[in-house]
**Student:** 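Structure incoming, see below.
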Amino acid sequence: MSLVKTFYDILPFNKSDDDSLRKQINKSNTPWKSLDTAVSNSNTVLELGCGQGWLSNRIANNYSVEVTGIDLIKENIDRAKGYNIPNTSFNQEDILQTTRTADTVVSIGVLHHIPDHDISLLLEQAILKSNQYCFIGLYHNSSRKAMFDFYDKYPKHKQYKLFKKMTRWIKDETQRKSWFRDQLRHPYEVTIDLSVLQAAALSTGRKLTWCNFDNDDQYDITMSKLKSYEFIPGFVYAMFEEEK
């Protein structure tokens, strides 16, 4: 994990000014209806790799749940704590070592950045930390390949200018730079296909109840959006639930 920690110590992912992050926290619900449903039926939530706490704080701000966020980077944890949202707890902790569990476990964009660990095993471990629901976001093979293929058509020194054009909604330049580094300059990442999600459900005895993709053939769809200057990072999202 030292490789990843060093990368994010320089500039934590999604770092933004207080006003930008507060706006994210104050929005209603979450960006995913499936996660909203899970959280509304839970008493406790654990986010593995909470970053600066926008999602954990947003969940606590909208639902009557106890939310715990853990992250490897101290600056992230200090920032997440600083918003003083009730019913939250943030801890600098290695997600590989934690023994915490919760009704709903969330991990978005984290497990695919852990070197020297099998992504299938990491996924299974995250699922088994949940008492009922586990919401996961990971890089998808064909969608992610389309993103890199699109950017590789441009010289490296022009890629940030292109990224800026595609992310006009980001008003804070530091936040944009942290997104750019994470998406296009990260020293380590892996991608998955739907079979990895299906295998994880089988091995953990959980049910895969929702996924944003119906199939793995996402290359042309993603490339088409990128050519229209819509930034697509290449995520596949999935909800796992305990069998009833």
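Quantities reported herein were computed from a predicted structural model and do not represent experimental measurements.
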**Student:** Before accepting this row, confirm whether a basic side-chain N of the pair R176/D172 lies closer than 4.0 Å to the acidic partner's carboxylate O.
**Tutor:** no
**Student:** Would you kindly check if the NZ (Lys) or CZ (Arg) of K165 is within the cone defined by 45 degrees around the ring axis of Y229 and under 6.0 Å from the six-membered ring centre?
**Tutor:** yes
**Student:** Quick one: does Y151's side chain get under 4.5 Å of L162's, heavy atoms only?
**Tutor:** yes
**Student:** Charged N to carboxylate O below 4.0 Å: is that the case for E242 and K207?
**Tutor:** no
**Student:** For D214, does the CG atom sit with more than 12 other heavy atoms under 6.0 Å from it, leaving out its own atoms?
**Tutor:** no
**Student:** Around atom CG of D118, are there more than 12 heavy atoms of other residues, nucleotides or ligands at under 6.0 Å?
**Tutor:** yes
**Student:** Would you call D216 and N141 a side-chain contact if the rule is heavy atoms closer than 4.5 Å?
**Tutor:** no
**Student:** Hydrophobic clusters here meaning ILVMFWY residues chained together by side-chain heavy-atom distances under 4.5 Å, can you tell me if L184 and L11 are in one?
**Tutor:** no
**Student:** Would you say the ring centroid of F235 lies under 6.0 angstrom from that of H140?
**Tutor:** no
**Student:** Taking the side chain as every heavy atom from C-beta outward, state whether K129 and R100 have any pair of such atoms under 4.5 Å apart.
**Tutor:** no
**Student:** Is it true that K153 and D149 make a salt bridge, defined as a side-chain N closer than 4.0 Å to a carboxylate O?
**Tutor:** no
**Student:** Hey, are E124 and T204 close enough side-chain-wise for a donor-acceptor pair under 3.5 Å?
**Tutor:** no
**Student:** Please name the pair of heavy atoms, one in A126 and one in C134, separated by the smallest distance, quoted to 0.1 Å.
**Tutor:** O-SG, 3.8 Å
**Student:** Can L197 be reached from L35 by stepping across I, L, V, M, F, W or Y side chains whose heavy atoms are under 4.5 Å apart?
**Tutor:** no
**Student:** Angle class for the W210/F135 ring planes (parallel below 30°, perpendicular above 60°, tilted otherwise)?
**Tutor:** parallel
**Student:** Hey, does the Lys NZ or Arg CZ of R206 hover above the aromatic six-ring of F240, less than 6.0 Å from the centre and inside 45° of the axis?
**Tutor:** no
**Student:** Which heavy atom of Y188 sits nearest to which heavy atom of D116, and what is that distance?
**Tutor:** OH-N, 4.3 Å
**Student:** Does a side-chain heavy-atom distance below 4.5 Å link I232 with M223?
**Tutor:** no
**Student:** Could you verify whether a donor N or O on one side chain and an acceptor N or O on the other, from S20 and D17, lie under 3.5 Å apart?
**Tutor:** yes
**Student:** State, with a plain yes or no, whether a side-chain heavy atom of Y139 is found less than 4.5 Å away from one of Q183.
**Tutor:** yes
**Student:** List the steps, then state whether side-chain contact (heavy atoms from CB on, under 4.5 Å) holds for K164 with K161.
**Tutor:** CA-CA 5 Å; K164 188 172 182 177; K161 184 177 180 180; 5.6 Å; no
**Student:** Using a distance-only test with no angle check, is there a side-chain donor-acceptor pair under 3.5 angstrom linking N29 and N62?
**Tutor:** no
**Student:** If we ignore angles and hydrogens, is there a donor and acceptor under 3.5 Å between the side chains of R144 and Q218?
**Tutor:** no
**Student:** Can you confirm whether T68 sits close enough to T44 that some side-chain heavy atom of one is under 4.5 Å from a side-chain heavy atom of the other?
**Tutor:** no
**Student:** Classify the ring geometry between F7 and H186 as parallel (under 30°), tilted (30 to 60°) or perpendicular (over 60°).
**Tutor:** tilted
**Student:** Cluster question for you: counting only ILVMFWY and a side-chain heavy-atom cut-off of under 4.5 Å, with indirect links fine, are L46 and V39 together?
**Tutor:** no
**Student:** If only side-chain N and O atoms count, and only distance matters, is there a donor-acceptor pair under 3.5 Å linking N76 with D71?
**Tutor:** yes
**Student:** Answer with yes or no whether the hydrophobic clustering places I95 together with V190; edges join I, L, V, M, F, W, Y residues whose side-chain heavy atoms lie under 4.5 Å apart.
**Tutor:** yes
**Student:** Test your reading of the model: is there a side-chain donor-acceptor pair from S178 to the backbone of F13, 3.5 Å cut-off?
**Tutor:** no
**Student:** Run through N41, V45, V105 and flag the one making a side-chain contact (heavy atoms from CB on, under 4.5 Å) with Y133.
**Tutor:** N41
**Student:** Are a donor atom and an acceptor atom from the side chains of S89 and N91 found within less than 3.5 Å of each other?
**Tutor:** yes
**Student:** Compare all side-chain heavy atoms of R58 with those of P31 and state whether any distance is below 4.5 angstrom.
**Tutor:** yes
**Student:** Could you walk me through whether S40 and Y63 pass side-chain contact (heavy atoms from CB on, under 4.5 Å), step by step?
**Tutor:** CA-CA 7 Å; S40 65; Y63 297 94; 4.0 Å; yes
**Student:** Please report the interatomic distance OG(S143) to CG(D217), rounded to the nearest 0.5 Å.
**Tutor:** 11.0 Å
**Student:** Any luck finding a side-chain donor-acceptor pair between T209 and E241 under 3.5 Å?
**Tutor:** yes
**Student:** Check I73 against D9 and note the closest heavy-atom contact, atom names and distance.
**Tutor:** CD1-OD1, 3.6 Å
**Student:** Taking the side chain as every heavy atom from C-beta outward, state whether H113 and D182 have any pair of such atoms under 4.5 Å apart.
**Tutor:** yes
**Student:** Closest approach of A80 and G53, non-hydrogen atoms and distance?
**Tutor:** CB-CA, 3.8 Å
**Student:** So, does S224 use its side chain to make a donor-acceptor pair with the main chain of D220 at under 3.5 Å?
**Tutor:** no
**Student:** What's the spacing between L111 CG and Q125 CD if we round to 0.5 Å?
**Tutor:** 9.0 Å
**Student:** Would you compute the distance between atom CG of N43 and atom CG of N131 and round it to the nearest 0.5 angstrom?
**Tutor:** 10.0 Å
**Student:** Please report the shortest heavy-atom distance between C50 and G69, naming the atom on each side.
**Tutor:** SG-C, 3.7 Å
**Student:** Grouping I, L, V, M, F, W and Y whenever their side-chain heavy atoms are under 4.5 Å apart, do I108 and V110 come out in a common cluster?
**Tutor:** no
**Student:** Hey, are N61 and Y83 close enough side-chain-wise for a donor-acceptor pair under 3.5 Å?
**Tutor:** no
**Student:** Run the side-chain contact (heavy atoms from CB on, under 4.5 Å) check on D36 and W32 step by step: do they pass?
**Tutor:** CA-CA 6 Å; D36 290 329; W32 306 278; over 6 Å; no
**Student:** Can you name the nearest heavy-atom pair linking L3 to P115, along with the distance?
**Tutor:** CD2-CG, 4.2 Å
**Student:** Got a salt bridge between D18 and R79, using NZ or NE/NH1/NH2 to carboxylate O under 4.0 Å?
**Tutor:** yes
**Student:** Please report the C-alpha distance between V65 and I59 in whole Å, then the side-chain angles of each, then the deciding distance to 0.1 Å, and finally whether the side-chain contact (heavy atoms from CB on, under 4.5 Å) criterion is met.
**Tutor:** CA-CA 8 Å; V65 290; I59 289 171; 3.8 Å; yes
